[in-house]
2 protein chains.
Amino acid sequence: MAKDFNQILKEKGYKFTTQRQYVFDVVTENQGSHLNSQEIFECVRNKYPDIGVATVYRTLGLLEDMGLIYGVDFNDGYRRYDIVKDPEAHRHHHLICLECGSIQEVEEDLLGAIEENIQKNNKFKVVNHRVKFYGYCDVCQKKMDTNRL
Amino acid sequence: MAKDFNQILKEKGYKFTTQRQYVFDVVTENQGSHLNSQEIFECVRNKYPDIGVATVYRTLGLLEDMGLIYGVDFNDGYRRYDIVKDPEAHRHHHLICLECGSIQEVEEDLLGAIEENIQKNNKFKVVNHRVKFYGYCDVCQKKMDTNRL
DNA sequence: CTCCATGCAAACACTTTGCAATCCG
DNA sequence: CGGATTGCAAAGTGTTTGCATGGAG
């Protein structure tokens, strides 16, 4: 895996550095957690105490440009990142709990029909989409039900 | 309309002020433009030069809380606002052009089926959703086609 | 007259940038 | 070695906050 990453960097003409490896590792290890830049910074600092914030930000931008990770904005003031598993079509949606703020991913993609409609009616060529569902997760629903008794 | 707004404020226990009126007016007049906070500030300043940024931010937050406007984040570093036309269900999606950055709205909502699935499979109670389609608008598609000749 | 609301400027929080030192290849 | 990359701190951005003044009810 380390080798792969090294390889990818070289192919794109970038140098391999320990810092980049660690940033990538942290995001990989926390797949699905959507860590924000600062959390990633903290995590990397555990393994590599001398890393600077700037490097983390620069690396995250780099990895995003290379298509290895993607950034999302959940309107909480942070930019959050996660791995791109399938570079061709990261077709998944996010379920954001309004109570606890947890974020889970849903894999299904049923937007094909909608995209076709948009293509037809609005002459807009859809390349990608990002869907966020706001609501209440299982845990919070149960908590809320209990409290209501 | 001015009267209405005055009324709404009072009902919620807020005071009517010229500044609030102007902020609301600007957002209303620019329906569909998704102005960001600074743009709104500039617009209001044309009519009311003494307004401060803080007031605009505070008012936008207030109006959003009251459900009169809604804020969206298009990952461009700004929080953007637009009017809520139908308070019950602002079921519309955004088409964001990757070329020119234009944003148009689509009214259709075909997410019912998807939400049902999510409810079933993830035990997540969907309350609202936000969908963004990224792609190329009609104008840019044509431009790009022309340049490719 | 009593607070709520405002304007100003300072404070914030996250991110970016400039630059000399450092490391990869 | 030579240029890409880093760390640091300073500078940027958009937004929020503290506080005295001002205006709505």
Side-chain angles (χ1 to χ4, degrees), chain A residues 2-3 5-24 26-27 34-66 69 71-81, chain B residues 2-3 5-27 34-66 68-69 71-81:
Chain A
K3 181 126 183 292
F5 182 61
N6 190 332
Q7 212 70 44
I8 298 170
L9 282 174
K10 276 182 194 152
E11 278 165 19
K12 306 248 181 179
Y14 298 115
K15 287 184 178 174
F16 172 87
T17 68
T18 321
Q19 291 93 324
R20 285 176 177 172
Q21 176 72 62
Y22 280 141
V23 170
F24 183 66
V26 165
V27 181
H34 301 88
L35 299 182
N36 65 40
S37 316
Q38 318 255 339
E39 288 167 340
I40 294 169
F41 170 62
E42 294 297 339
C43 283
V44 174
R45 206 155 54 159
N46 290 336
K47 301 172 174 179
Y48 194 104
D50 281 344
I51 197 165
V53 227
T55 304
V56 173
Y57 280 100
R58 280 187 282 233
T59 304
L60 289 172
L62 190 79
L63 296 178
E64 190 172 13
D65 287 346
M66 300 200 310
I69 65 177
V72 223
D73 228 311
F74 290 118
N75 292 21
D76 61 352
Y78 301 93
R79 186 154 187 75
R80 298 179 168 279
Y81 292 92
Chain B
K3 181 125 183 293
F5 181 60
N6 190 333
Q7 212 70 44
I8 298 169
L9 282 173
K10 275 181 195 153
E11 278 164 20
K12 305 250 181 178
Y14 299 115
K15 289 184 177 170
F16 173 88
T17 67
T18 320
Q19 290 92 326
R20 285 176 176 173
Q21 177 71 63
Y22 279 141
V23 170
F24 182 67
D25 283 354
V26 165
V27 181
H34 302 87
L35 300 181
N36 65 41
S37 315
Q38 318 255 337
E39 288 167 340
I40 295 169
F41 169 62
E42 295 297 339
C43 282
V44 174
R45 206 155 54 159
N46 290 336
K47 301 172 175 178
Y48 194 105
D50 282 344
I51 198 165
V53 225
T55 304
V56 173
Y57 279 101
R58 280 188 282 234
T59 304
L60 289 172
L62 190 80
L63 297 177
E64 189 173 13
D65 286 347
M66 301 201 309
L68 294 175
I69 65 176
V72 223
D73 228 310
F74 291 119
N75 292 22
D76 60 352
Y78 302 92
R79 185 153 187 75
R80 299 180 167 278
Y81 293 92

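Scope of the values below: all heavy atoms of this structure, side chains included, with no hydrogens, waters or symmetry mates. The chains referred to below are lettered A, B, ... by the order of the sequence lines, with proteins before strands, and numbering in each begins at 1.
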Let me know the distance between [atom1] of [X] and [atom2] of [N], rounded to the nearest Å.
X	N	atom1	atom2	value
B:Leu60	C:dT6	CG	P	12 Å
B:Tyr22	C:dA5	OH	C1'	17 Å
B:Phe41	C:dT6	CZ	P	14 Å
A:Glu11	C:dG25	CD	P	14 Å
A:Gln19	D:dC8	CD	C1'	14 Å
A:Ile51	C:dT15	CD1	P	15 Å
A:Lys12	D:dA4	NZ	P	18 Å
A:Gln21	C:dC24	CD	P	13 Å

>> Does any part of the side chain of A:Arg45, heavy atoms only, come nearer than 4.5 Å to the side chain of A:Tyr22, both counted from C-beta?
In response: no

> Less than 4.5 Å apart, any side-chain heavy atom of A:Val26 and any of A:Glu39?
Replying inline: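 No, side chains not in contact.
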
>> Is the ring pair A:Phe5/A:Phe24 parallel, tilted or perpendicular, if the boundaries are 30 and 60 degrees?
In response: parallel

>> Protein within reach of the bases, or only the backbone? For nucleotides 14-25 of chain D, mark each nucleotide 5' to 3' as B, S or -, using heavy atoms under 4.0 Å.
In response: SBBBB----BBS

> Would you say the side-chain atoms of A:Gln19 pair up with the backbone N or O of A:Thr55, donor to acceptor, closer than 3.5 Å?
Replying inline: no

